[in-house]
2 protein chains.
Amino acid sequence: MTPRTDPLTLEVVELIGEVVSRYHAEYDEAAAQHALTGAQARVLGLLSVEATPMRRIARKLKCEPSNITGIVDRLEARGLVERRPDPADRRVKLAAATEEGRRTAAKLRASLDFAREPLGGLSEDERTALRDLLKRMLGN
Amino acid sequence: MTPRTDPLTLEVVELIGEVVSRYHAEYDEAAAQHALTGAQARVLGLLSVEATPMRRIARKLKCEPSNITGIVDRLEARGLVERRPDPADRRVKLAAATEEGRRTAAKLRASLDFAREPLGGLSEDERTALRDLLKRMLGN
DNA sequence: TATTGTTATACTCTATAACTATA
DNA sequence: TATAGTTATAGAGTATAACAATA
């Protein structure tokens, strides 16, 4: 648990900061091309995989459930998302992507994959090495 | 420029997303421990290195200059930052960290380095490999 | 009683446009 | 004319607290 302050570690920390910065810039830009904010794009991405209770969306986004109401409201007003009852528990509302929502999410994913193209500069062996190092770093 | 969709690349993209998510959670948590928002912590970090014109802060944060006014206002109200005239150009205001601001920034950096401790799980060779892969990925 | 989603409120961040004082 | 900083405005995200419906 000793905080590392050696130059090598600091350099890696710096590089990770740059990755984070670039990731965000590209994510938000891709979202903006579909007139979505970053938060809206993340929620739409989740819902394009499966219908999800409001509360669970909040846990995945690490924010308060009350915020999800507004984000889903705005997505619903644009016809990208709809609220459905949960047959098993009448307190629960399932947010689900509409047809158009899934199409938008697919286009978003495509432009994101394109934005993350920097990985294309690495060989397969290098990508494997990067994957393993990131997994170890994340404790997976 | 061909978007890669092979499983290995998608796995690395996924892992980078997780790094970004964890980086943000830990950054915001560290900032909150000093009653700062993420944006305030970033600006304070910049100013603890050197006094900076408002406009330049905006460029570094990739946001509009008008936003910096409010962020610096709030930091100034707490005595962490002050505005100084620029002797060379009377239009320019230099934002600079106060003594207390530098102390807060130092504590923030320390808790951030601690938060980024996951790198401690990697050997020196592994950190070197990670550094080189990230540099190649970022095009450095 | 506890949980789900919502509403109400207040604050921060954000972009845009118009303003001022300098250059 | 152009630039630096600010103000005014509006929209979005955020947390907190209180509420109705349901479990």
Side-chain angles (χ1 to χ4, degrees), chain A residues 21 24-25 27-47 51-78 80-96, chain B residues 20-21 24-47 51-78 80-96:
Chain A
S21 171
H24 256 90
Y27 193 96
D28 289 352
E29 189 187 348
Q33 281 169 3
H34 299 276
L36 295 169
T37 66
Q40 288 165 7
R42 276 192 295 281
V43 170
L44 183 59
L46 276 182
L47 302 186
T52 309
M54 304 295 280
R55 207 119 193 144
R56 187 132 51 97
I57 301 175
R59 273 198 301 273
K60 293 209 182 179
L61 258 72
K62 289 173 188 155
C63 72
E64 292 300 312
S66 61
N67 301 325
I68 304 302
T69 298
I71 296 173
V72 168
D73 279 352
R74 289 181 269 279
L75 290 170
E76 195 168 29
R78 290 180 46 189
L80 301 174
V81 154
E82 63 184 7
R83 284 169 165 94
R84 298 181 196 150
D86 181 342
D89 184 338
R90 285 193 299 172
R91 291 173 305 180
V92 172
K93 285 179 193 167
L94 296 171
Chain B
V20 169
S21 170
H24 256 89
E26 293 176 354
Y27 193 96
D28 290 351
E29 190 188 347
Q33 281 168 3
H34 299 276
L36 294 169
T37 65
Q40 287 165 8
R42 276 193 296 279
V43 170
L44 183 59
L46 275 182
L47 301 187
T52 309
M54 304 295 281
R55 208 122 191 141
R56 187 131 51 97
I57 302 174
R59 273 199 301 273
K60 294 209 181 177
L61 257 73
K62 291 174 187 153
C63 72
E64 293 300 314
S66 61
N67 302 324
I68 304 302
T69 299
I71 296 173
V72 168
D73 280 351
R74 290 181 270 279
L75 289 169
E76 195 169 29
R78 290 180 47 189
L80 301 173
V81 154
E82 63 184 7
R83 283 169 166 95
R84 297 181 197 149
D86 180 342
D89 185 337
R90 284 193 299 171
R91 293 174 302 181
V92 172
K93 286 179 192 166
L94 296 171

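What you see below is based on every heavy atom in this structure, not just the backbone, and it leaves out hydrogens, waters and symmetry mates. In what follows, chains carry the letters A, B, and so on, assigned in the order in which the sequence lines appear, proteins first and then strands, with residues in each chain numbered from 1. All figures in this text were calculated on a predicted structure; none of them were measured in a lab.
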Rounded to whole angstroms, how far apart are [atom1] on [X] and [atom2] on [N]?
X	N	atom1	atom2	answer
B:Arg90	D:dA4	CZ	P	16 Å
B:Arg59	D:dA4	CZ	P	7 Å
B:Ile68	C:dC13	CD1	P	10 Å
A:Arg56	C:dG5	CZ	P	10 Å
A:Met54	C:dT7	CE	C1'	13 Å
B:Ile57	C:dC13	CD1	C1'	15 Å
B:Gln40	C:dT12	CD	C1'	8 Å
B:Asp28	C:dT12	CG	P	15 Å

For the helix from C:dT1-D:dA23 to C:dA23-D:dT1, how many degrees between its two end axes (five pairs per end), to the nearest 10°?
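The value is 10°.
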
Please confirm whether the shortest side-chain N or O distance from A:Lys93 to OP1 or OP2 of C:dT6 is below 4.0 Å.
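Answer is yes, contact under 4.0 Å.
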
Side-chain N or O of B:Arg55 closer than 4.0 Å to phosphate OP1/OP2 of D:dG5:
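It does not, given that no N or O in the side chain of B:Arg55 lies less than 4.0 Å from OP1 or OP2 of D:dG5.
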
Applying a 4.0 Å non-hydrogen cut-off, can you work out what A:Arg83 is touching in the nucleic acid: base, sugar-phosphate, or nothing?
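Touches sugar-phosphate only.
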
Report which part of the nucleic acid A:Thr37 touches: base, sugar-phosphate, or nothing (heavy-atom distance under 4.0 Å, all strands).
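The answer is sugar-phosphate, as A:Thr37 gets under 4.0 Å only of primed atoms, P, OP1 or OP2.
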
Does any part of the side chain of [Y], heavy atoms only, come nearer than 4.5 Å to the side chain of [X], both counted from C-beta?
X	Y	value
B:Ser21	A:Lys62	yes
A:His24	B:Val20	yes
B:Leu75	B:Leu36	yes
A:Leu47	A:Ile57	yes

Starting from the 5' end of DNA chain C, give me the residue, B:Ile71 or B:Pro65, whose nearest nucleotide shows up first.
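Residue closer to the 5' terminus by nearest nucleotide: B:Ile71.
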
Closest-nucleotide 5' rank along DNA chain D - winner of A:Ala88 and A:Ala39
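Going by which nucleotide is closer to the 5' end, it is A:Ala39.
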
Tell me which of A:Gly70 and A:Arg91 sits closer to the 5' end of DNA chain D, going by the nucleotide each one is nearest to.
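Looking at the nearest nucleotide for each, A:Gly70 comes out on the 5' side.
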
Looking at the base of D:dT16, is there any donor atom on it, or on the side chain of A:Ser66, that sits under 3.5 Å from an acceptor on the other one?
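Side chain to base: pair present.
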
Could you tell me which non-hydrogen atom of B:Ile68 sits nearest to which non-hydrogen atom of B:Cys63, and how far apart they are?
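So the two residues come closest at CD1-SG, 3.7 Å.
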
Among residues two or more places apart or on two chains, list those pairs meeting salt bridge (Lys or Arg N to Asp or Glu O under 4.0 Å) that have a residue in residues 64-77 of chain B.
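Residue pairs with at least one partner in residues 64-77 of chain B: B:Asp73-B:Arg83, B:Glu76-B:Arg83.
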
Heavy atoms from C-beta onward define the side chain here; which of D:dG5, C:dT6, D:dT6 lies closest to that of A:Thr69?
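Taking heavy atoms from C-beta onward, the closest nucleotide is C:dT6.
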
So, A:Thr52 and A:Lys60: side-chain donor and acceptor under 3.5 Å apart, yes or no?
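There is no such pair (donor and acceptor under 3.5 Å, judged by atom type) between the side chains of A:Thr52 and A:Lys60.
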
